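None of the values given here were measured: they were computed from a predicted structure. Each chain gets a letter, A, B and so on, in the order the sequences are listed, and its residues count up from 1.
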2 protein chains.
Amino acid sequence: MPSGRKTVINLMYTANLVGERTTELLKPFGITVQQFNVLRILRGQKGKPANLFTIQERMIHKMSNTTRLVDKLIEKKLVDRMVCPNNRRKVEISITDSGLKLLSEIDGPIDELNLTLVEAFTPEELETFNIFLERIRS
Amino acid sequence: MPSGRKTVINLMYTANLVGERTTELLKPFGITVQQFNVLRILRGQKGKPANLFTIQERMIHKMSNTTRLVDKLIEKKLVDRMVCPNNRRKVEISITDSGLKLLSEIDGPIDELNLTLVEAFTPEELETFNIFLERIRS
DNA sequence: TAACTTTAGTTGTATATACAAATGTTAGTG
DNA sequence: CACTAACATTTGTATATACAACTAAAGTTA
């Protein structure tokens with residue numbers, strides 16, 4: 001088997017396993033991986049709201065219906081939507097206190113899972129691994 | 001940010017990009033990534049048919065409706081289904097000549113894409129990268 | 001051999017995702 | 001200032017996915 005083929009299969013297989021474990025972990029908290037990632041993006045804004053385009057741009061899975069994903073988060077009162085007063089085409093999404101609280105509850109378990117996944121790596125190996133991943137993307 | 005968290009996000013992000021590129025590549029051939037992987041699993045059987053459980057076990061994305069995924073491939077005449085004569089609970093799925101032909105057409109482009117993705121790696125680095133991925137899974 | 005358990009696959013239902021077309025808003029041009 | 005293009009988001013539709021309940025066949029045991 002050509003080496004690139006094997007590596008790509010290995011990559012997809014591994015990422016999928018990690019995704020499944022993450023989905024499972026998030027289930028008791030009532031959110032999906034995608035919703036979780038959007039919440040983290042919004043937390044990263046440090047109070048500043050983000051519009052849908054910004055969110056979509058930073059999402060791991062780039063799909064076009066960010067609207068509906070955010071709708072789910074609004075239903076759960078984890079984020080707020082506000083039409084941008086300067087540019088009424090835009091909407092500004094910001095994480096609520098309740099959203100921040102939920103994230104803070106998830107932080108512990110998710111870091112624990114992530115640490116378990118990479119526990120066999122030395123810091124140097126982890127650095128190398130990250131560089132390898134970035135190299136594939138470039 | 002804790003190092004495990006960063007690495008896992010990096011992994012998911014990269015795998016997703018690779019998945020998107022693969023989806024795009026397969027589109028003109030009229031199959032999805034999942035369907036493509038099932039076809040490759042069946043080709044790997046070298047003439048021997050596989051039952052649904054075996055297919056599901058080897059699939060990258062483990063979901064429970066392998067039945068419907070295989071149905072799509074049957075509609076396209078890329079695989080055949082036959083009830084196992086020894087054990088009528090089982091069904092045996094095998095790739096058709098038309099399925100093999102389609103795979104052989106895709107092999108070139110997909111290897112080209114995969115090689116492009118890992119072109120910056122030396123063989124040693126690729127080996128290391130594969131070991132890292134396996135380490136995460138274990 | 002009837003009743004029970006396990007195995008293998010199928011089906012129903014709810015939700016998620018992808019893609020394209022549509023809507024409403026702003027900016028630019030003659 | 002009407003006209004056109006670009007932008008930001010929403011909506012429609014088809015397909016994919018996850019999960020659970022269901023069916024049917026085979027094996028097990030009293």
Side-chain angles (χ1 to χ4, degrees), chain A residues 12 15-17 19-39 49-76 79-94, chain B residues 12 15-39 42 49-76 79-94:
Chain A
M12 302 306 280
N16 198 66
L17 184 126
E20 277 173 2
R21 295 263 219 117
T22 309
T23 299
E24 200 177 334
L25 186 148
L26 291 176
K27 199 163 292 172
F29 298 100
I31 57 171
T32 66
V33 177
Q34 311 276 43
Q35 291 169 4
F36 176 59
N37 285 325
V38 170
L39 287 177
N51 63 29
L52 286 180
F53 183 76
T54 306
I55 292 173
Q56 190 171 328
E57 205 175 32
R58 298 197 192 154
M59 274 169 66
I60 290 180
H61 304 261
K62 312 234 178 299
M63 45 169 218
S64 51
N65 60 345
T66 312
T67 303
R68 273 181 281 228
L69 201 160
V70 168
D71 282 347
K72 296 284 152 97
L73 293 172
I74 293 170
E75 275 173 36
K76 291 170 191 153
V79 307
D80 277 333
R81 166 166 32 200
M82 215 187 75
V83 174
C84 176
N86 304 340
N87 185 341
R88 298 204 305 140
R89 282 175 300 189
K90 292 191 185 177
V91 293
E92 299 191 321
I93 313 295
S94 48
Chain B
M12 302 306 280
N16 197 67
L17 184 127
V18 172
E20 277 171 3
R21 294 260 220 120
T22 309
T23 300
E24 201 178 335
L25 186 148
L26 291 175
K27 199 161 291 171
F29 297 101
I31 58 172
T32 65
V33 176
Q34 311 274 45
Q35 293 170 2
F36 175 59
N37 285 325
V38 169
L39 287 178
L42 292 172
N51 63 27
L52 285 181
F53 183 75
T54 307
I55 293 174
Q56 190 171 327
E57 205 175 32
R58 298 196 193 156
M59 274 169 66
I60 291 181
H61 303 261
K62 313 234 178 299
M63 45 166 217
S64 50
N65 58 344
T66 313
T67 303
R68 272 180 281 228
L69 200 159
V70 168
D71 283 347
K72 295 284 152 96
L73 293 172
I74 293 171
E75 275 173 36
K76 291 171 191 153
V79 307
D80 276 333
R81 166 169 24 205
M82 215 186 73
V83 174
C84 176
N86 305 340
N87 185 339
R88 298 204 303 139
R89 282 174 300 188
K90 293 190 183 176
V91 294
E92 298 192 320
I93 311 295
S94 48

Spacing of A:Lys27 atom NZ relative to D:dC19 atom C1', expressed in whole Å: 8 Å

Report which part of the nucleic acid B:Thr23 touches: base, sugar-phosphate, or nothing (heavy-atom distance under 4.0 Å, all strands). nothing

To the nearest angstrom, how far is A:Leu26 atom CG from D:dC19 atom P? 12 Å

From NZ of B:Lys76 across to P of D:dT15 the rounded distance in Å is 10 Å

Whole-Å gap separating P (C:dC19) and CG (A:Leu69): 16 Å

Going by the rule salt bridge (Lys or Arg N to Asp or Glu O under 4.0 Å), which residues pair with A:Asp80 if we only count those two or more places apart in sequence or in a different chain? none

Under the side-chain contact (heavy atoms from CB on, under 4.5 Å) test, which residues partner B:Ile74, sequence neighbours left out? B:Val70, B:Asp71, B:Val79, B:Arg81

Length of the line joining B:Asp71:CG and C:dG12:P, which is rounded to integer Å: 12 Å

For B:Arg68 and for B:Asn86, find the nucleotide of DNA chain D with the closest heavy atom, then tell me which residue's nucleotide is more 5'. B:Arg68

So, is A:Lys72 close to the C:dA16 phosphate, meaning a side-chain N or O under 4.0 Å from OP1 or OP2? yes

Starting from the 5' end of DNA chain C, give me the residue, A:Arg88 or A:Thr32, whose nearest nucleotide shows up first. A:Thr32

According to side-chain hydrogen bond (donor to acceptor under 3.5 Å, both in side chains), who are the partners of A:Lys72, at least two apart in sequence or on a separate chain? none

At their closest point, which heavy atom of B:Ala50 faces which heavy atom of B:Ile55, and how far apart are they? CB-CG1, 4.1 Å

I'd like to check the side-chain contact (heavy atoms from CB on, under 4.5 Å) partners of B:Thr22; sequence neighbours left out, ordered by chain and number. B:Val18, B:Leu26, B:Val33, B:Ile110, B:Leu113

Check the distance between D:dT17's C1' and B:Gln34's CD and give it to me in whole angstrom. 9 Å

In whole angstroms, the gap separating C1' of C:dG9 from CD of B:Glu57 amounts to 15 Å

Taking the nucleotide of DNA chain C with the nearest heavy atom to each, does A:Pro85 or A:Gln35 sit closer to the 5' end? A:Gln35

Residues passing the side-chain hydrogen bond (donor to acceptor under 3.5 Å, both in side chains) test with A:Thr32, sequence neighbours excluded, are none

Between N or O atoms, less than 3.5 Å apart, protein on one side and nucleotides 6-9 of chain D on the other: list the pairs.
| from | atom 1 | to | atom 2 | distance (Å) |
| --- | --- | --- | --- | --- |
| D:dC7 | O2 | A:Arg89 | NH1 | 3.4 |
| D:dT9 | OP1 | A:Leu52 | N | 3.2 |
| D:dT9 | OP1 | A:Val91 | N | 3.1 |
| D:dT9 | OP1 | A:Val91 | O | 3.4 |
| D:dT9 | OP2 | A:Phe53 | N | 2.8 |

Give a yes or no answer on whether the side chain of A:Asn51 reaches the backbone of A:Thr54 with a donor-acceptor pair at less than 3.5 Å. yes

Rounding to a whole Å, what distance do you find between A:Phe36:CZ and C:dA16:C1'? 19 Å

